[in-house]
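Structure, as structure tokens:
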Amino acid sequence: MAERLRIVLAEDNYLVREGTRRLLEDSGEVEVLAAVGNAGELRDAVRRLRPDAVLTDIRMPPGHHMEGIEAAHAIQAEHPGTGVAVLSQHTDESYAFALLRNGTAGLAYLLKDRLGDLEDLIRALRAVARGGSVIDPQVVDALVARRTRTVTSPLTALTPRELDVLREMAQGKTNAGIERSLHLSASTLEKHVNSIFGKLGLAEEPVHRRVAAVLTFLREHRD
């Protein structure tokens, strides 16, 4: 088993907070160092406990607006080695862009539905702890669909299979993970990835930066 991941959890709803804590701890893969109810307590817990990653709700007291995103930016500024996964109910891309406005390394934007898929949730937490990025598949689908509706979008140059690969990349999957999901050989996947970067005019990046490349492209072509 991989080394247990040390996290701090922030969620103002007591039942959701304790339920999430129990799910994560019962997995045997995660140690919840603290479970807190607002952004101030979250930042204080991170200073004291130095977790590998944070899992935080997007809305918390006192404003119930985007306190989770603001806390994520503050935590990354003070503790750049701590990954932050933000849970949200919003597929609206503006929230994802707000989280990723200063960079994507060590950040994840996940829909709360992800709490129902513990394996995916833990995979995302491990990814941000390593400095990677994860965007919820539903948000990525919304972003890609919006871009493909724009005639001038470079995404219209991609084949349907290349769009499938791009969605998988944006979820932070490795080449091996994409090969399994899409039933592709290593050589075929490499061909698709090279074609995507070529068509989008992006320089080839290391694997852990591929999501950043996708989001940078989408942000630069935002309406």
Side-chain angles (χ1 to χ4, degrees), residues 83 85-223:
V86 175
L87 288 171
S88 173
Q89 295 178 325
H90 308 287
T91 57
D92 186 333
E93 67 214 50
S94 63
Y95 291 96
F97 282 123
L99 175 65
L100 304 169
R101 66 171 185 259
N102 299 325
T104 60
L107 292 172
Y109 185 87
L110 307 173
L111 297 184
K112 279 199 166 180
D113 292 347
R114 198 57 48 197
L115 291 175
D117 191 330
L118 187 60
E119 185 177 341
D120 276 358
L121 178 60
I122 294 175
R123 185 182 302 117
L125 287 169
R126 289 196 181 281
V128 296
R130 294 193 301 267
S133 304
V134 182
I135 308 300
D136 193 281
Q138 290 186 44
V139 178
V140 174
D141 283 346
L143 287 166
V144 171
R146 179 178 176 182
R147 296 305 152 211
T148 52
R149 288 195 297 270
T150 305
V151 174
T152 57
S153 169
L155 289 180
T156 59
L158 302 187
T159 67
R161 199 51 162 169
E162 289 166 349
L163 284 172
D164 291 339
V165 171
L166 184 57
R167 290 188 183 94
E168 299 289 315
M169 289 166 56
Q171 293 170 38
K173 291 186 179 179
T174 63
N175 277 12
I178 298 174
E179 289 162 20
R180 286 193 296 272
S181 297
L182 300 181
H183 306 291
L184 296 174
S185 67
S187 61
T188 300
L189 176 61
E190 183 178 1
K191 179 181 177 182
H192 284 314
V193 171
N194 289 335
S195 179
I196 289 168
F197 282 127
K199 289 180 178 178
L200 298 186
L202 300 172
E204 190 170 359
E205 299 281 355
V207 173
H208 69 280
R209 291 185 175 177
R210 292 190 302 181
V211 174
V214 172
L215 288 170
T216 297
F217 165 78
L218 293 169
R219 186 161 44 221
E220 287 178 351
H221 292 77
R222 194 177 184 189
D223 291 339

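Along the sequence shown, residues carry numbers from 1.
- Shortest non-hydrogen contact noted between Leu99 and Leu107 is O-CD1, 3.6 Å.
- Nearest heavy atom pair, residue Ser88 against residue Tyr109, reads OG-OH, 2.9 Å.
- Atom CG of residue Leu184 and atom NZ of residue Lys191 lie 11.5 Å apart, to the nearest 0.5 angstrom.
- Separation of atoms CG (Leu121) and CZ (Arg126) is listed at 11.5 Å; rounding is to 0.5 Å.
- Rounded to the nearest 0.5 Å, atoms CG (Leu125) and CG (Asp120) are 11.0 Å apart.
- Nearest heavy atom pair, residue Ser195 against residue Glu162, reads OG-OE2, 2.6 Å.
- Exactly one residue among Ile178, Val165, Asp164 makes a side chain to side chain contact (heavy atoms under 4.5 Å, CB included) with His192. That residue is Val165.
- Applying the salt bridge (charged side-chain N to carboxylate O under 4.0 Å, His left out) test to Lys112 and every residue at least two apart in sequence or in another chain returns Glu11, Asp57.
- Side chain of Ser133 to backbone of Thr104: a donor-acceptor contact under 3.5 angstrom is found.
- Partners of Ala124 according to the side-chain contact (heavy atoms from CB on, under 4.5 Å) rule, which considers only residues two or more places apart in sequence or in another chain, are Leu110, Val134.
- The line from CD1 of Ile196 to CG of Leu166 is 5.5 Å long, rounded to the nearest 0.5 Å.
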